[in-house]
Each structure stands twice: as structure tokens, then as C-alpha cells.
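By convention here, the first residue in the shown sequence is residue 1.
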Amino acid sequence: MKSLARPSFFRLFDLLQARSNPGLKLARWTHDGVEFERQRQSFTNPMYGLVTEIVILSRTGRRAWSLMVTKQYWWAGSDGKPFKNMRWARPLSGHRSDLIVWLKEQEKLLDETYQ
């Protein structure tokens, strides 16, 4: 995991969410010292639909940081055919290097779990 823009980051993020909040039933939860807060907004009409999901990760303490991960899904027509998916992640506070260290630790733990 080298960058917050790469597909490997989003795979790691999805695994972290699934592992720490099975079925995404919780709007707020904590995993390994980091608080997750998930918000979801949606709009639909007969022509199109849009869902925006935002997850804020926050770590407090001496080396505090926060990260916003946003995913957006669009679909159109009566059959609900997907036509656009976007995703991005941006640090909101703290040092990026501290965030990356935590993510790499999580990646290592997940790799050990699935081997």
C-alpha cells in the first residue's frame, strides 16, 4: 500500500471495514485504536440514482490523524444500470506518514490472517 489513490488502498480499506464491522451494520465503531464513522446519503428518481458514502477514520493521541474516504455510485434507467463509480481518500489532519504506518500495519495483520 503506497498511495491513497491506488486500488490496493481501497481493497485494504474494504477488508478493514468488513473485518471490523461485519455487514456494515454500525455507523460508528473502533478498530485497533482508530474510530470509524460511516455516513451514507442517497437520492433516487425514475431517471437516475446516486449514493455517496463517507467514512471518517480518526486516531487520537500523540500522533493523531484523520482520514476521509469517499465512494460515490451512480446508476440510470429503470433497470438501475450502473454508469459511474468514483472513490477518493484524503487525509484531514495529522502527518500522512503516521497514517501510512497504521495502514501498513493493518495490511500486514490482514495478510497474516488470510495466509
- Evaluate the side-chain proximity of L109 to E112: yes if any heavy-atom separation is below 4.5 Å, no if none is. yes
- Query: Can you find a heavy atom in the side chain of V34 that is under 4.5 Å from one in the side chain of W65?
  - Reply: yes
- Do L4 and L67 come close enough that some side-chain heavy atom pair is under 4.5 Å? yes
- Query: Which distance, rounded to the nearest 0.5 Å, do you find between the CE of M68 and the OG of S58?
  - Reply: 10.0 Å
- Message: Does any part of the side chain of T70, heavy atoms only, come nearer than 4.5 Å to the side chain of M86, both counted from C-beta?
- Response: no
- Note on the structure: Heavy-atom closest pair (N45 atom, F43 atom, distance to 0.1 Å) is ND2-CE2, 3.5 Å
- Query: Hey, what do you get for NE2 (H31) to CG (L16), rounding to the nearest 0.5 Å?
  - Reply: 5.0 Å
- Note on the structure: One should read off an interatomic distance between L12 CG and K104 NZ, to the nearest 0.5 angstrom, of 11.5 Å
- Are V51 and V55 in one and the same hydrophobic cluster, where Ile, Leu, Val, Met, Phe, Trp and Tyr link if side-chain heavy atoms are under 4.5 Å apart? no
- Query: Looking at side-chain heavy atoms only, is the closest gap between R40 and L24 below 4.5 Å?
  - Reply: no
- Message: Using 0.5 Å steps for rounding, measure from the CZ atom of R38 to the CZ atom of R28.
- Response: 14.0 Å
- Task: Give a yes-or-no answer on whether the side chains of T30 and E35 include a donor-acceptor pair shorter than 3.5 Å.
- Result: no
- Note on the structure: Partner of L92 under side chain to side chain contact (heavy atoms under 4.5 Å, CB included), picked from L99, I56, L57, is I56
- Query: Is any side-chain heavy atom of Q72 less than 4.5 Å from a side-chain heavy atom of L50?
  - Reply: yes
- Calculate, to the nearest 0.5 Å, the distance between atoms CD and CZ belonging to Q17 and F10 respectively. 11.0 Å
- Message: Are F13 and K71 packed together at the side-chain level, in the sense that at least one heavy-atom pair is separated by less than 4.5 angstrom?
- Response: yes
- Please name the pair of heavy atoms, one in S20 and one in W29, separated by the smallest distance, quoted to 0.1 Å. OG-NE1, 2.8 Å
- Message: Measuring from atom OG of S3 to atom CZ of R96, what distance do you get when rounded to the nearest 0.5 angstrom?
- Response: 6.0 Å
- Query: Do the side chain of N21 and the main chain of K25 share a donor and acceptor less than 3.5 angstrom apart?
  - Reply: yes
- Any side-chain heavy-atom pair from F36 and L26 closer than 4.5 angstrom? no
- With K84 as reference, evaluate W74, Y73, W75 under the side chain to side chain contact (heavy atoms under 4.5 Å, CB included) test and give the passing residue. W74
